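This report concerns only the one structure given below.
Remember, predicted model here, so these are calculated numbers, not experimental data. So you know, we letter chains A, B, ... as the sequences are listed, proteins then strands, and number each from 1.
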Amino acid sequence: MNAMSPLLRVHNLSHAFGSLLACSDVSFELHSGEVLGVVGESGSGKTTLLNCLSARLVPTNGIVEYDLRDRGLTDIYSLSEPERRFLLRTDWGVVMQNPRDGLRMSISAGGNVGERLMAVGARHYGEIRGTAEEWLEKVEMDLGRIDDAPKHFSGGMQQRLQIARNLVTKPRLVFMDEPTGGLDVSVQARLLDLLRGLVRELKLSAIIVTHDLAVARLLADRLMVMKDGKVVETGLTDQVLDDPHHPYTQLLVSSVLQV
Amino acid sequence: MNDPQRPSVQASETSQTEERLPVIRVEDLGKTFTLHVQGGARIPVFSGLSLQVAAGECVALFGPSGTGKSTLLRSLYANYKPGQGHIWLRHGEDWVDMATAAPHRVLAVRRETLGYVSQFLRVIPRIPARDIVAEPLHALGSDLAAARQKAEGLLARLNIPKAMWDLAPATFSGGEQQRVNIARGFAVDYPILLLDEPTASLDAGNRAVVIDLIREAKARGAAVVGIFHDDEVRAAVADKIFDVQTGALAA
């Protein structure tokens with residue numbers, strides 16, 4: 001089990017915007033089926049890190065390797081641009097904080113889901129629609145809305161559609177940036193429950209960026225705490241939250257309001 | 001340093017008719033909290049603790065509040081990171097040191113070997129009581145219907161009315177939540193069980209059910225480490241008492 005090779009291996013990753021070091025010297029491994037939470041306050045470099053990991057921002061330094069189905073561990077930035085885009089549309093999913101960035105707002109809900117399927121070669125209209133329906137049901141969407149464009153949907157519905165769009169190709173690794181940000185708490189609870197179920201059912205690996213420690217506790221096996229672009233503490237989720245060692249983690253945990 | 005692969009079995013533990021193998025070996029365990037947000041205050045909880053627990057044996061942690069009983073229990077679960085020492089647990093054919101094991105290893109031990117009944121249920125929004133109980137068994141590979149059936153049996157035994165099985169326990173009373181928590185802890189036949197005041201908010205009838213559950217677990221060979229404030233419960237289940245303050249183990 002220990003000898004198992006990781007799904008994702010990150011080595012000394014840093015990224016600078018001009019003279020601003022947004023994330024610095026991050027190294028870790030993610031194994032199949034693991035959910036890693038990245039927590040920290042805004043500006044700590046979480047999203048920059050996620051963008052670098054998900055092949056959407058070339059890091060200034062360091063290596064991101066992914067276990068490609070046909071080639072094994074491969075530096076993702078050694079892939080060609082089309083290969084990276086293909087990876088993002090098939091074996092990976094990216095759930096953005098703002099559904100506007102992850103959906104095509106003026107094509108139908110069914111079309112949003114079907115588009116990903118066509119990227120992996122599905123051509124039969126009936127089958128594509130059938131699979132799209134199946135997924136819309138999985139994320140608890142009203143099938144009566146399948147032909148409506150997401151620009152007319154509520155925020156919670158848009159977010160669920162984004163999840164369906166990403167998971168329909170059965171990715172092995174999903175990146176999520178504040179997936180429940182900006183939603184009402186009741187809508188958030190429903191989405192969290194859904195995500196939690198899907199991650200387990202599909203044995204997904206995921207990297208979830210969030211500033212919400214309760215979300216992290218519910219979804220993540222393991223946490224990485226970031227401050228000023230650096231990882232200051234890592235460990236099992238409940239260990240980091242219940243017995244934090246680094247001064248910043250202790251501050252973060254003690255700052256959460258009790259309900 | 002002892003070889004973890006070959007734990008020594010003391011004579012007193014083999015005096016039973018059958019030989020009972022140790023499944024927990026705590027070695028020289030120490031824990032100090034450093035509170036950085038409060039001026040770096042250092043709070044030493046315990047140090048130099050050693051303890052061995054055999055399969056089928058129940059050890060009750062003893063001592064006034066604040067002596068570190070819960071801290072020790074949480075360390076055994078790897079919820080707390082002890083600063084020194086080792087916590088070897090028998091995991092299948094291996095011994096795993098919970099004090100140093102990698103996260104995915106700890107999770108595997110928790111999934112297959114180590115159950116923990118905390119003092120309070122951590123409610124998950126929207127998940128009904130039945131599924132909260134069934135979840136650990138389902139995660140272990142049992143199919144959902146079978147896991148739910150076992151969950152229902154436990155909920156019924158712990159006198160949770162059937163009408164409540166489909167409800168999320170957020171609105172349950174303290175005692176009801178605690179019973180759901182106990183049912184969840186006993187859903188899988190873990191080889192090792194940690195119990196943090198499992199009967200704290202229960203009436204006499206339900207206390208008796210919990211005593212039965214613990215005895216049944218011991219009878220099938222589970223090692224149990226628990227905190228029992230109730231003298232009656234402790235007397236009914238514990239084979240040995242471990243004083244967390246002095247580190248002494250008494251029969």
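Gln250(A) touches chain B through backbone and side chain together, each having a heavy atom under 4.5 Å away. Looking at Val106(B), only its side chain comes within 4.5 Å of chain A, counting heavy atoms on both sides. Only the backbone of His246(A) comes within less than 4.5 Å of a heavy atom of chain B; no side-chain atom from C-beta onward does. Neither the backbone nor the side chain of Gln38(B) comes within contact range of chain A; no heavy atom of the residue lies under 4.5 Å from a heavy atom of that chain. Proximity to chain B involves both the backbone and the side chain of Leu251(A), based on heavy atoms less than 4.5 angstrom apart.
Contact between Ala78(B) and Leu236(A) at its shortest, heavy atoms only, is O-CD2, 4.1 Å. The two residues Arg196(A) and Ile127(B) make their nearest non-hydrogen contact at NH1-CD1, 3.5 Å.
Shown here is Tyr116(B), whose OH atom has more than 12 heavy atoms of other residues, nucleotides or ligands within 6.0 Å. The neighbour count for His36(B) NE2, taken as heavy atoms of other residues, nucleotides or ligands under 6.0 Å away, is above 12. Within 6.0 Å of atom NZ in Lys138(A), more than 12 heavy atoms from other residues, nucleotides or ligands are found, so the atom counts as buried in its surroundings. Residue-environment remark: CD (Gln149(B)) stays at or below the threshold of 12 foreign heavy atoms within 6.0 Å.
The closest donor-acceptor contact from the side chain of Gln239(A) to the backbone of Pro103(B) lies at 3.5 Å or more, if one exists at all.
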- Task: Tell me, with the steps shown, if His138(B) and Arg200(A) meet side chain to side chain contact (heavy atoms under 4.5 Å, CB included).
- Result: CA-CA 10 Å; His138(B) 183 45; Arg200(A) 284 168 192 223; over 6 Å; no

- Task: Go through Asn79(B) and Asp243(A) one step at a time and tell me if the side chain to side chain contact (heavy atoms under 4.5 Å, CB included) criterion holds.
- Result: CA-CA 7 Å; Asn79(B) 177 229; Asp243(A) 186 16; over 6 Å; no

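Salt bridge status for Arg110(B) with Asp238(A): present, with a side-chain N to carboxylate O gap under 4.0 Å.
Atom NZ of Lys81(B) is separated from atom NE2 of His245(A) by 5.0 Å, given to the nearest 0.5 angstrom.
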